[in-house]
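Reading through the structure tokens given below for one structure.
In the text below, chain A, chain B and the rest are named by the order of the sequence lines, each starting its count at 1.
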Protein chains: 2
Amino acid sequence: MEGHTVVAEVTLRDVARAAGCSVATVSRVLAGTRPVGAETARAVRAAADRLGYRPNEVARALRSRSTGTVGLVLPQITNPFFPSLVRELEHALHAEGRAVLLADCDDDPATEATRIAALLDRRVDALLLIPVDERRSRDAVAAAAARVPLVLLDRGCGPGVADSVAVDNAAGMALVLEHLAATGRRRPCFVGAAGTASAAVERRVAYAAGAAALDPAAPQRTVLGDFSVEWGRAAVDRIWSARPDAVVCANDLIAAGALQRLRQLGADVPGEVAVTGFDDVPLAGLADPALTTVRQPVAELAAEAARLLAHRPAAAPIPGPRRPVRTVRLAPELVVRGSSAPADGGSDPRTTP
Amino acid sequence: MEGHTVVAEVTLRDVARAAGCSVATVSRVLAGTRPVGAETARAVRAAADRLGYRPNEVARALRSRSTGTVGLVLPQITNPFFPSLVRELEHALHAEGRAVLLADCDDDPATEATRIAALLDRRVDALLLIPVDERRSRDAVAAAAARVPLVLLDRGCGPGVADSVAVDNAAGMALVLEHLAATGRRRPCFVGAAGTASAAVERRVAYAAGAAALDPAAPQRTVLGDFSVEWGRAAVDRIWSARPDAVVCANDLIAAGALQRLRQLGADVPGEVAVTGFDDVPLAGLADPALTTVRQPVAELAAEAARLLAHRPAAAPIPGPRRPVRTVRLAPELVVRGSSAPADGGSDPRTTP
DNA sequence: ATGAAAGCGCTAACAC
DNA sequence: GTGTTAGCGCTTTCAT
């Protein structure tokens with residue numbers, strides 16, 4: 001084993017020389033751009049194989065003005081909802097021969113702006129972006145969207161800024177509330193997240209709208225913090241005195257925290273109080289009791305995002321008329337688990353009065 | 001808002017023209033390669049600012065033979081131990097102005113080989129790699145290490161293949177066993193992972209070595225599966241009949257599954273049996289009871305990996321003598337939580353007989 | 001169907 | 001200290 005060594009990279013010239021033709025011909029054979037004589041093509045491929053030729057993607061990128069890379073910008077890879085999304089995106093893109101430049105923003109809009117700039121400097125062909133904040137990310141996102149195709153994922157960034165694909169948060173929250181109503185819960189409360197992130201806003205608005213049907217006072221039983229386990233724990237102390245029979249949480253982390261604290265307080269979940277989450281992160285199935293939650297269709301989200309990128313025409317020669325942004329909303333799925341089993345222990349809603 | 005548009009990128013030439021000097025001078029000012037007259041420098045910077053010039057990193061890369069990107073190749077981003085590592089690596093690298101090309105291998109050596117090749121084609125300056133498998137990843141890793149600086153992370157890949165940095169698994173397992181012994185446990189069993197991944201091997205070897213001191217029969221109470229929650233659940237059914245007073249797991253996922261199944265079986269954790277994990281993933285603190293585990297020093301791992309990359313000289317002109325590989329082992333830390341509290345409920349080892 | 005030649009935007013000799 | 005020039009490795013006219 002020796003140290004890595006530039007063994008004089010094999011270039012197109014080397015292949016051309018070995019195959020006895022010009023570099024242009026080799027390029028055409030390998031890229032399949034234009035017809036080439038069968039005999040020549042064979043010789044070229046043989047030479048390329050024999051020499052172990054690998055095209056220099058950097059040179060190719062410079063010349064063809066396309067790097068074959070897309071930037072993936074996200075708030076915090078440690079948010080347990082993102083890894084599976086990243087995985088699906090990476091696979092979808094790699095399947096198209098594109099590589100992924102990853103940027104983690106540390107949940108900070110300023111860092112986000114820096115990362116976006118760095119990716120643009122590297123001439124990514126496109127950007128997949130989960131904005132840190134609906135409002136504070138807007139300028140940087142809009143500027144980037146003016147330069148490359150850009151698709152917003154999971155969270156929005158104000159109207160008309162860019163194409164976006166996300167789960168239908170309102171529909172998800174409605175599923176939760178319907179389920180709770182059907183299993184006899186009548187005093188829900190909501191533990192949400194403050195701020196302008198679209199998931200936070202949409203989920204709390206949907207709760208307020210849907211819960212009112214269950215109980216006119218339900219919308220008022222709302223406390224707001226952030227999307228964390230710690231907040232879930234703290235929130236329980238704020239709302240438990242109201243004796244809700246269901247704690248509807250804005251995501252699974254909050255729900256996990258709430259569950260933990262309720263257990264500490266000796267509350268009976270789900271007998272006395274149901275707890276629900278949102279996202280269906282891996283942790284949700286592991287909680288005790290396992291968490292009823294709303295599953296985001298992660299693979300579809302990724303596929304749809306990749307599709308939007310592919311269909312966004314490369315660039316207009318002239319600024320041109322404003323192109324309408326496309327917004328895709330995917331249907332979520334309710335995953336019923338132990339944390340919301342009817343109080344009587346049965347699982348059929350009809351057995352509950 | 002209009003569609004993204006190539007507004008005729010500003011190039012070095014544009015800046016040179018605006019500043020009234022040559023492209024070389026502009027390059028020198030911006031790169032700081034060589035001294036430039038104060039007056040000229042000012043003019044250049046002003047022009048660059050005014051035009052909103054951003055260097056084309058692709059062109060720069062082609063010319064300077066350095067892309068400023070490093071490839072990060074990992075088995076499965078959805079493994080909950082990796083996101084925090086990815087985060088630290090991304091930050092460490094970005095701080096040096098390098099971008100991260102991410103590749104997820106789907107836990108498959110063949111995919112891994114493909115991804116490595118794709119990254120090399122893109123001329124990454126270096127590779128950070130968590131191999132899928134100690135043995136089956138070896139060829140691809142060795143080949144890659146011959147072309148660019150490469151640092152193995154978290155898992156090894158056979159001796160002498162490449163520089164590596166990982167936690168000291170043996171030391172971590174020893175900490176666990178000492179702790180169990182000190183808190184009065186005498187019949188440990190081990191739920192590990194089969195296969196040749198170095199973490200799997202080192203942890204099970206360390207258990208066998210350390211547990212024998214506790215109980216000569218302990219090493220035999222070992223069952224092997226994979227690093228998953230499902231295996232943790234299944235393993236309990238295989239070992240519970242032996243009535244161990246401690247279930248030592250090879251990672252936190254296994255431990256979470258074991259904990260869940262023990263609870264289902266009505267076992268008292270930690271009263272009747274202690275459970276321990278390894279890695280300290282976010283989930284560990286959330287389990288009930290919270291999981292005693294071995295924390296990997298993630299930030300240090302990342303920093304050390306970045307340091308090794310930086311110090312690996314770029315390339316030798318001639319294959320040269322075999323360069324010794326460097327292996328860094330970082331000390332782990334035991335995190336004691338509820339799942340291993342002494343049977344009497346106290347937390348001081350001395351209160352236990 | 002093939003080759004010659006012109007760059008993509010930048011850096012790095014090499015002159016002055 | 002600054003300009004001129006020659007490419008990095010490739011794709012793509014434009015000839016033939």
Any idea which of D:dG3, D:dC10, C:dT11 is nearest the A:Arg60 side chain? D:dC10

Would you mind checking if A:Glu90 and B:Arg115 are paired as a salt bridge, meaning a charged N to carboxylate O distance below 4.0 Å? yes

To the nearest angstrom, the CG-C1' distance between B:Asp14 and C:dC8 comes to 14 Å

Nearest to the side chain of A:Leu62, which nucleotide is it out of C:dG9, D:dT11, C:dT2? C:dG9

What's A:Thr25 touching, base or sugar-phosphate or nothing? Going by heavy atoms closer than 4.0 Å. sugar-phosphate

Considering heavy-atom distances to DNA chain D, does B:Cys21 or B:Arg123 have its closest nucleotide positioned more toward the 5' end? B:Cys21

Give A:Arg28 one of three labels, base, sugar-phosphate or nothing, depending on what nucleic acid heavy atoms sit under 4.0 Å from its own. base

Quickly work out the A:Arg17 CZ to C:dT2 P distance and round it to whole Å. 20 Å

Show, in sequence, the C-alpha distance, side-chain angles and deciding distance for B:Arg155 and B:Asp133, and conclude whether the salt bridge (charged side-chain N to carboxylate O under 4.0 Å, His left out) test is met. CA-CA 8 Å; B:Arg155 310 178 182 181; B:Asp133 186 274; over 6 Å; no

Can you find a donor-acceptor N/O pair under 3.5 angstrom joining the side chain of B:Arg63 to the base of C:dG9? no

Just so I know, are the side chains of B:Val73 and B:Leu119 near enough to count as touching, which here means a heavy-atom distance under 4.5 Å? yes

Which one of A:Thr327, A:Leu308, A:Leu150, A:Leu309 satisfies the side chain to side chain contact (heavy atoms under 4.5 Å, CB included) criterion with A:Asp163? A:Leu308

What's B:Arg65 touching, base or sugar-phosphate or nothing? Going by heavy atoms closer than 4.0 Å. sugar-phosphate

Options D:dG9, C:dT2, C:dT11, nucleotide nearest the side-chain atoms of B:Leu12: C:dT11

Tell me: OH of A:Tyr53 to C1' of D:dG9, nearest whole Å? 7 Å

Report yes if the side chains of A:Val141 and A:Leu152 come closer than 4.5 Å at any heavy-atom pair, otherwise no. yes

Any idea which of C:dC10, D:dG3, D:dG9 is nearest the A:Ala59 side chain? D:dG9

Would you indicate whether the side-chain heavy atoms of B:Ile77 and A:Phe82 approach each other to under 4.5 Å? no

Any Lys/Arg nitrogen of A:Arg147 or B:Glu9 sitting under 4.0 Å from an Asp/Glu carboxylate oxygen of the other? yes

Rounded to whole Å, CG of B:Asp121 lies from P of D:dG9 at a distance of 14 Å

A:Ser22 has its side chain closest, among D:dC10, C:dC10, C:dG3, to C:dG3

When you measure from every atom of DNA chain D, which of residues 36-45 of chain A have a heavy atom less than 4.0 Å away? none

A:Arg13 has an atom CZ; how far is it from atom C1' of D:dC10, in whole Å? 12 Å

Identify which nucleotide among D:dG3, D:dT11, C:dG9 has an atom closest to any side-chain atom of B:Asn56, counting heavy atoms from C-beta outward. C:dG9

